[in-house]
Structure formats: C-alpha cells, structure tokens
Amino acid sequence: MIIIVDGLNKHLFQPLLDDMFRLRARVFAGRLGWDVNIKNEMEIDQFDAMDPGYIIGVDENMNVISCARVLQTTGPHMLSDVFDAILCGEAPVRSASIWESTRFCVDTKRLQDRGSKTAVSRATSELMLGILEYAQESGITDIITVIDPIMDRVLKRSNNAPHGYVGQTVPMGKVKALAALLDCTDERIARVRDFADIKGDIFMDEDEAVLKLEKRAYAQEMSLADFNLAGDLSDQITSKPGASTGDLQQYCLDQLAKAETEADVNAALALLDMLKEKIGADDVEKLVRLAGHGSTPRSEARLV
C-alpha cells in the first residue's frame, strides 16, 4: 500500500519518514555510491526542508519498502540545482503543471528475503502508480525524473516508457544519470496497472495508516520491554552461586516443556530468541529441536 506524506501531515508520520531516509541512505550512498549527505544513517538533503510530497510504499507491518519524492519545478529542484550537468546548458524545466520526482528507490533486500520473485517488480510498479495517480489527482500533467540507465530499462519493461528526455546522459557516482519525462495520463496508469496486475485503490487511508503506525510503535516498545526483562532474568539466573550458561539453557528448555498452548510456545521461543546472545545461537537451535524431539518428554531433554 502507498501512503502520501507532505507538509500537512508529516507530523503524524515522522517514524515512517525516518525509515524512508534510512532506506535512501542504503540505496543512494551504499548501493549506488552517490555523493549524498548521510547523518545518523539517514540521507536527507536541502530539498527535504521544502515540504515536498513523499510517496511511501509499506508492507503489512508498516515497514517502508519503497519511496519517492515529488517537488514543484517552479522553484529550486534537483535537476536545476544539483543535476544541472544533465541539462548540458539547457534551461531547466519550470512549470506549475510539472513535478519533479526524485529519490525513487525500493528495498530490494527486504523484498527478496521474502522469497517472492515478483515482490520487487510489484513494489516498483505500485510506487510508479503512486507517483502518477497522486500527481494526476493534484492536477499535474507530467513528471520529470532523474534516473539511471537501469531504471530507464525498468520503466520500459513496466510498460511505462518515458515519452521524452531532457538533456544528456552523464556520469553520476557509480552510475550514469539522465532526465526522463512521464505524462500522468489515464492511458499510462492503465498500462502500468495491467503490467503488474494491480487492481483497486493502492492508497492507504491516513487514519488507518496512523493507527497501524501506533500499533507498530506499541509492539516495538513491548518487544524492548520483553528484551530488557529477558536480560534481567538471565542475569538473575547466571549470577547465582555455581550457576552457568547451562542453567540458563535448562531454564529455557523447562519453559518450552511447560508450554501447553501455542501462545505459551511462542512466548518461550521469543524468550529464547532474546537470550541467544548469552546462550549462543547454535544452542538456541538445539534447544528448539530438543523441545520437539519425538516422544521424549521435553522436560527430561538435556543439552549434551
């Protein structure tokens, strides 16, 4: 799903924006090698202070999986003020009906880790649609975007080929960069939707997004509390006279043995995961295997 964040609602979505800036740092500084400003593992530039619009793709857990930024071309923007080498002396595009889209990126690692071969393609197409449909709804006729040749090929493969280019292709970090024009027409939107087989509304309601973000924050707080509790528990056990890591292992195994419901099992496994630094990741895996070993009573199983 796509969430739109701009100057009017950004105060509601700061955690989402921070995640987006971290994704941008990983992509543009790490993967592409662009000369961008990184602070606190986040990529933020002067144009982020101009209240641009952000198109942010999220998964079911409100993790940022894609993002892009749109900015008016009537004032300062990247093509006119940063990537002006692309223009090769031409005047920058300036029009109230043309937006600039930059910082387009997808979290390919997170999506590929899910094992789906189509997740990256779908997320990319959904982000394209988010830009086009948001722009069209805002009365914008065209998008100009700075991309690399790989992204140019992605656009063409997605049935979303640019209808024109501005300036020339020039070196930019580890890659080359060029400026492409995309019209925000019903025909283009329909082509992208058909290509990715995307139906229905792709935008998440603002109230729903805020609620889900609050739930995510609460879950993270609870996980941190559980982690701290697990740390205190391990300190209590291993600090007893004669106690060892083995005692901590056996305690965790006993918790698994006593688990009667799925919720109890999940809680015991979560405890193991939180304590794996003290127990050891390999031993955690052994504990889990022993806990479900054949007909052997789990309470009698011990590590070798």
Side-chain angles (χ1 to χ4, degrees), residues 1-6 16 20 23-24 27-28 31-32 52-60 63-73 77-79 93 95 97-112 114 116-166 169 175 177-206 209:
M1 296 295 287
I2 298 294
I3 299 171
I4 301 298
V5 180
D6 57 23
L16 210 61
M20 178 196 72
L23 172 59
R24 282 173 30 176
V27 171
F28 296 108
R31 194 169 76 207
L32 298 179
Y54 298 106
I55 297 86
I56 304 176
V58 296
D59 63 14
E60 62 277 5
N63 296 307
V64 174
I65 57 173
S66 64
C67 63
R69 177 179 68 191
V70 292
L71 194 66
Q72 295 179 359
T73 58
H77 58 284
M78 295 202 75
L79 185 57
V93 174
S95 171
S97 62
I98 298 177
W99 274 354
E100 177 189 66
S101 171
T102 54
R103 294 304 195 252
F104 186 110
C105 58
V106 176
D107 193 340
T108 55
K109 184 179 186 307
R110 179 185 293 275
L111 293 169
Q112 288 171 346
R114 296 178 177 181
S116 171
K117 295 181 180 179
T118 61
V120 173
S121 177
R122 183 176 178 85
T124 301
S125 295
E126 189 172 76
L127 184 60
M128 291 178 187
L129 281 173
I131 297 170
L132 293 169
E133 294 188 7
Y134 172 50
Q136 187 187 65
E137 181 68 21
S138 303
I140 300 304
T141 60
D142 291 89
I143 293 290
I144 187 166
T145 179
V146 176
I147 56 177
D148 61 24
I150 294 176
M151 188 62 195
D152 190 38
R153 292 194 292 271
V154 169
L155 289 171
K156 292 173 180 176
R157 286 199 304 267
S158 304
N159 215 1
N160 191 22
H163 69 73
Y165 298 90
V166 175
T169 301
V175 298
L178 62 154
L181 285 164
L182 308 172
D183 53 90
C184 305
T185 59
D186 291 338
E187 292 77 14
R188 180 179 295 275
I189 289 170
R191 291 199 306 269
V192 177
R193 280 183 170 272
D194 288 343
F195 169 81
D197 193 27
I198 295 175
K199 298 177 174 63
D201 191 0
I202 61 172
F203 295 100
M204 185 181 294
D205 176 76
E206 183 178 288

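Considering all non-hydrogen atoms of both residues, L71 and P52 come closest at CD1-CB, 3.7 Å. Between R191 and N159 the shortest heavy-atom distance is NE-O, 3.2 Å. Between G130 and I202, the shortest heavy-atom contact is N-CD1, 3.6 Å. Closest heavy-atom contact between L127 and C67: CD2-O, 3.3 Å. Between V192 and S125, the shortest heavy-atom contact is CG1-O, 3.8 Å. Q136 approaches C184 most closely through the heavy-atom pair NE2-O, 3.2 Å.
In this structure, T169 has no side-chain hydrogen bond (donor to acceptor under 3.5 Å, both in side chains) partners at least two apart in sequence or on a different chain. D197 pairs by the side-chain hydrogen bond (donor to acceptor under 3.5 Å, both in side chains) definition with K199, not counting sequence neighbours. The side-chain hydrogen bond (donor to acceptor under 3.5 Å, both in side chains) check on T73 picks up nothing, with sequence neighbours excluded. The salt bridge (charged side-chain N to carboxylate O under 4.0 Å, His left out) search around D194 returns none, not counting sequence neighbours. Under the side-chain hydrogen bond (donor to acceptor under 3.5 Å, both in side chains) criterion, T108 pairs with R31, sequence neighbours left out. In this view, Y134 and W99 satisfy the ring pair (Phe, Tyr, Trp, His ring centres under 6.0 Å) rule, not counting sequence neighbours. Residues meeting the salt bridge (charged side-chain N to carboxylate O under 4.0 Å, His left out) test with D59, sequence neighbours left out: R114. D186 is linked by a salt bridge (charged side-chain N to carboxylate O under 4.0 Å, His left out) to nothing, counting only residues two or more places apart in sequence or in another chain. Under the rule for a ring pair (Phe, Tyr, Trp, His ring centres under 6.0 Å), the partners of F28 that lie at least two apart in sequence or sit in another chain are W34.
Formation of a donor-acceptor pair under 3.5 Å by the S138 side chain with backbone atoms of I140 is not found in this model.
Between atom CZ of residue R69 and atom SG of residue C105 there is a gap of 10.5 Å, rounded to the nearest 0.5 Å. Here CG of L111 is found 8.0 Å from OG of S66. Values are rounded to the nearest 0.5 Å. Atoms CD1 and OG, on I144 and S95 in that order, are 10.5 Å from each other to the nearest 0.5 Å. For the atom pair CG (L129) and CD1 (I2), the distance works out to 8.5 Å, reported to the nearest 0.5 Å. Between the CE atom in M128 and the CD1 atom in I189 there is a gap of 13.5 Å [rounded to 0.5 Å]. The distance from atom CD1 of I131 to atom CD1 of I143, rounded to the nearest 0.5 Å, is 6.5 Å.
Screening residues 150-162 for salt bridge (charged side-chain N to carboxylate O under 4.0 Å, His left out) gives D152-K156 as the qualifying pairs, with residues at least two apart or on separate chains. Judged as a salt bridge (charged side-chain N to carboxylate O under 4.0 Å, His left out), the pairs with a partner in residues 128-146 (not counting sequence neighbours) are, in order, E133-R193. The salt bridge (charged side-chain N to carboxylate O under 4.0 Å, His left out) analysis of residues 97-108, with sequence neighbours excluded, yields the pairs R26-D107, E43-R103, D45-R103, D107-R110.
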Starting from the C-alpha separation in whole Å, work towards a yes-or-no answer on side-chain contact (heavy atoms from CB on, under 4.5 Å) for D183 and T141.
CA-CA 6 Å; D183 53 90; T141 60; over 6 Å; no

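Tested against F104, the residues T124, T145, I147, I55 include a single side-chain contact (heavy atoms from CB on, under 4.5 Å) partner, T124.
Contact of the L181 side chain with the P162 side chain is not registered, since no non-hydrogen atoms from C-beta on lie closer than 4.5 Å.
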